[in-house]
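Shown next, in structure tokens, is the structure this report addresses.
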Amino acid sequence: MSQKVEETLNRIKTHKGVLGVIIVNSKGVSLRSTMNMNDTIEYGSLISSFANNASRQIKENLHEDEEIVFIRIRSKKHEIMIAPDKDFSMIVLQNPSNDAQAESQ
């Protein structure tokens with residue numbers, strides 16, 4: 001990976017509440033991750049599949065010219081931010097309670 005990508009990953013992973021950052025290819029295979037291997041495989045493949053299905057559903061059922069540029073999923077346990085692209089996607093997994101504390105300060 002390029003130096004710029006490494007710098008971006010290091011900057012993101014130091015934000016309060018960030019549990020990990022994963023970059024996957026279009027098939028959901030991890031190319032770079034700050035998480036352990038098991039979590040990388042699990043989150044990378046599942047989230048990549050989710051983003052691909054969401055994109056397909058929007059194109060087929062809503063508007064064929066629309067493209068997803070960012071997905072944010074928030075639950076009690078995690079916040080998942082996905083920046084999908086044609087060849088690569090970046091996934092950031094965050095603890096939402098830390099995010100909420102940071103916003104109130």
Side-chain angles (χ1 to χ4, degrees):
M1 296 252 149
S2 75
Q3 182 67 25
K4 188 174 182 177
V5 171
E6 289 297 326
E7 289 172 4
T8 301
L9 284 175
N10 287 330
R11 183 173 40 85
I12 292 170
K13 75 178 182 181
T14 60
H15 284 265
K16 186 173 183 157
V18 171
L19 303 173
V21 181
I22 307 169
I23 297 178
V24 295
N25 66 14
S26 60
K27 297 182 189 289
V29 176
S30 171
L31 302 175
R32 180 72 173 86
S33 177
T34 63
M35 301 177 77
N36 69 49
M37 186 171 32
N38 289 337
D39 288 343
T40 295
I41 292 169
E42 182 178 2
Y43 284 107
S45 62
L46 290 173
I47 293 169
S48 177
S49 177
F50 170 83
N52 289 335
N53 286 334
S55 180
R56 188 178 68 250
Q57 289 299 321
I58 286 173
K59 286 185 181 295
E60 290 175 3
N61 297 314
L62 293 177
H63 198 281
E64 63 186 43
D65 295 331
E66 283 292 336
E67 287 188 32
I68 294 176
V69 294
F70 193 77
I71 301 170
R72 185 174 181 169
I73 304 166
R74 188 173 179 128
S75 68
K76 290 181 182 179
K77 188 174 180 180
H78 291 109
E79 181 170 35
I80 303 168
M81 293 163 281
I82 311 159
D85 198 33
K86 180 181 173 193
D87 297 320
F88 308 101
S89 295
M90 182 169 65
I91 301 163
V92 178
L93 188 68
Q94 187 168 322
N95 179 342
S97 62
N98 284 342
D99 181 44
Q101 290 171 357
E103 287 177 5
S104 65
Q105 294 177 356

Over all heavy atoms of both residues, which pair between Ser26 and Ser48 is shortest? Give the atoms and the distance, please. O-OG, 4.4 Å
Mind running side chain to side chain contact (heavy atoms under 4.5 Å, CB included) on Gln3 and Glu7 for me, showing each step along the way? CA-CA 6 Å; Gln3 182 67 25; Glu7 289 172 4; 3.4 Å; yes
Where do Ile82 and Phe70 land on the side chain to side chain contact (heavy atoms under 4.5 Å, CB included) test, with the steps shown first? CA-CA 6 Å; Ile82 311 159; Phe70 193 77; over 6 Å; no
How would you list, by chain and number, every residue that makes a side chain to side chain contact (heavy atoms under 4.5 Å, CB included) with Asn36, sequence neighbours excluded? Asn38, Asp39
How about Gln57: does its CD atom have over 12 heavy atoms from other parts shown lying under 6.0 Å from it? yes
Look up atom NZ in Lys13 and atom CD in Gln94, then write down how far apart they are to the nearest 0.5 Å. 15.5 Å
Would you say Phe50 ends up clustered with Ile41 if hydrophobic residues are merged whenever their side chains have heavy atoms under 4.5 Å apart, either directly or through other cluster members? no
Ile47 vs Val24, test: side chain to side chain contact (heavy atoms under 4.5 Å, CB included). Steps then yes/no. CA-CA 10 Å; Ile47 293 169; Val24 295; over 6 Å; no
Measuring only between side-chain heavy atoms, which start at C-beta, is Arg72 closer than 4.5 Å to Arg74? yes
Kindly work out whether a path of hydrophobic side-chain contacts (I/L/V/M/F/W/Y, heavy atoms less than 4.5 Å apart) joins Ile91 to Ile71. yes
To the nearest 0.5 Å, tell me how far Leu93 CG sits from Thr40 OG1. 10.0 Å
Can you measure from OG1 (Thr8) to CD1 (Ile23) and round to the nearest 0.5 angstrom? 8.0 Å
Carboxylate-amine/guanidinium proximity below 4.0 Å for Lys59 and Glu66: no
Nearest atoms (heavy-atom pairs only) where Met35 meets Leu19: CG-O, 4.0 Å
Do Asn25 side-chain atoms and Gly28 backbone N/O form a donor-acceptor pair below 3.5 Å? yes
Between OG on residue Ser89 and CG on residue Asn52, distance to nearest 0.5 Å: 7.0 Å
How close do Thr34 and Arg32 get, counting heavy atoms only, and between which atoms? N-NH1, 4.3 Å
Between Ile22 and Ser33, what is the shortest heavy-atom contact and its length? CG1-OG, 3.7 Å
Considering residues, nucleotides and ligands other than Glu60, do more than 12 of their heavy atoms fall under 6.0 Å from its CD? yes
Check for a donor-acceptor pair, side chain of Ser49 on one end and backbone N or O of Ser45 on the other, with a separation under 3.5 Å. no
Count the heavy atoms belonging to other residues, nucleotides or ligands that lie under 6.0 Å from CE of Met90, then report whether that count exceeds 12. no
Please say yes or no: joined through hydrophobic side-chain contacts below 4.5 Å, possibly via intermediate residues, are Ile80 and Ile68 part of one cluster? yes
Nearest-0.5 Å distance that lies between atom CG in Asp87 and atom NZ in Lys27: 11.0 Å
Mind checking side chain to side chain contact (heavy atoms under 4.5 Å, CB included) for Ser75 and listing every partner two or more places apart, or none if nothing turns up? Lys77, His78
Any link between Ile73 and Val21 through a network of hydrophobic side chains (Ile, Leu, Val, Met, Phe, Trp, Tyr) touching at under 4.5 Å? no
